**Student:** 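Dropping a structure here in structure tokens format, bear with me for questions.
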Amino acid sequence: MKTYSVKQIAEMLDTNPETVRRWIRDNKLKAVQISRKDGNIVSEDDLQRFLRATPKYLPKFATGLAVISPGIDIATFAGSLIASALLSVYDGKNDYDTRVLPADL
């Protein structure tokens, strides 16, 4: 099972590491603190649960994942972009335009 540090999540979601720590303190994002020195570790499953509950960050996660994992293929990347757009449409909470254009790929 893949795990992420607070810093990695902050980079993937284009947010401040302190914001990620606040999510953890507020129990919005489940994490395990192995030691004070190493900080919090978040499992991939827990991160996915958080992203499903907070669709605002799904498109940023897909882009951030490509940056952290340069070996990701274009089909996986395109699929994650399309999935995030479909989730935001299905959710019905987002009022913004969620179309995925060829230029976005």
Side-chain angles (χ1 to χ4, degrees):
M1 174 173 44
K2 185 149 175 74
T3 58
Y4 299 99
S5 69
V6 168
K7 183 179 177 184
Q8 287 175 318
I9 294 171
E11 288 174 359
M12 284 188 290
L13 300 181
D14 193 28
T15 190
N16 192 302
E18 188 54 38
T19 301
V20 177
R21 289 185 197 97
R22 186 176 62 248
W23 293 335
I24 293 169
R25 283 192 305 270
D26 293 344
N27 294 321
K28 292 179 180 179
L29 178 61
K30 185 178 176 186
V32 176
Q33 187 176 29
I34 296 173
S35 71
R36 289 184 148 253
K37 180 182 175 188
D38 293 333
N40 291 302
I41 302 296
V42 178
S43 72
E44 187 172 27
D45 292 340
D46 290 326
L47 181 58
Q48 290 292 340
R49 263 188 229 103
F50 170 78
L51 291 171
R52 281 192 295 273
T54 316
K56 166 184 175 182
Y57 291 101
L58 265 174
K60 290 181 181 181
F61 175 72
T63 305
L65 187 60
V67 170
I68 290 208
S69 306
I72 194 168
D73 63 1
I74 191 68
T76 303
F77 180 66
S80 65
L81 280 176
I82 292 168
S84 66
L86 289 174
L87 280 174
S88 64
V89 168
Y90 176 76
D91 186 21
K93 294 180 182 175
N94 298 325
D95 301 27
Y96 54 88
D97 187 6
T98 56
R99 289 179 287 182
V100 178
L101 304 174
D104 295 335
L105 303 176

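None of these values were measured; they are calculated from a predicted model.
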**Student:** Identify, with sequence neighbours excluded, every residue that meets side chain to side chain donor-acceptor pair (under 3.5 Å) alongside Asn16.
**Tutor:**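 Asn16: no side chain to side chain donor-acceptor pair (under 3.5 Å) contacts found.
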**Student:** Looking at residues at least two apart in the chain, or sitting in another chain, which of them share a side chain to side chain donor-acceptor pair (under 3.5 Å) with Gln33?
**Tutor:** none
**Student:** Tell me every residue that passes side-chain contact (heavy atoms from CB on, under 4.5 Å) with Lys28, counting only those two or more places apart in sequence or in another chain.
**Tutor:** Trp23, Asp26, Phe50
**Student:** Report yes if the side chains of Ile24 and Val6 come closer than 4.5 Å at any heavy-atom pair, otherwise no.
**Tutor:**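 They are in side-chain contact.
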**Student:** To the nearest 0.5 Å, tell me how far Lys56 NZ sits from Leu51 CG.
**Tutor:** 12.5 Å
**Student:** Would you give the length of the straight line joining atom CD of Gln8 to atom CD1 of Ile41, rounded to the nearest 0.5 angstrom?
**Tutor:**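 It comes to 8.0 Å.
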**Student:** Any heavy-atom pair between the side chains of Leu29 and Thr54 that's under 4.5 Å?
**Tutor:** no
**Student:** How long is the straight-line distance from CD of Glu11 back to CG of Leu13, given to the nearest 0.5 Å?
**Tutor:**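 One finds 10.5 Å between CG of Leu13 and CD of Glu11.
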**Student:** Determine the minimum heavy-atom distance between Val42 and Ala31, stating which atoms define it.
**Tutor:** CG2-CB, 3.7 Å
**Student:** Got a sec, which residues hit salt bridge (Lys or Arg N to Asp or Glu O under 4.0 Å) with Arg49, two or more places apart in sequence or on another chain?
**Tutor:** Asp46
**Student:** Distance check, rounded to the nearest 0.5 Å: Arg25 atom CZ versus Arg21 atom CZ?
**Tutor:**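 Separation between the atoms: 8.5 Å.
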**Student:** Determine, stepwise, if the pair Asn40 / Val20 fulfils side-chain contact (heavy atoms from CB on, under 4.5 Å).
**Tutor:** CA-CA 10 Å; Asn40 291 302; Val20 177; over 6 Å; no
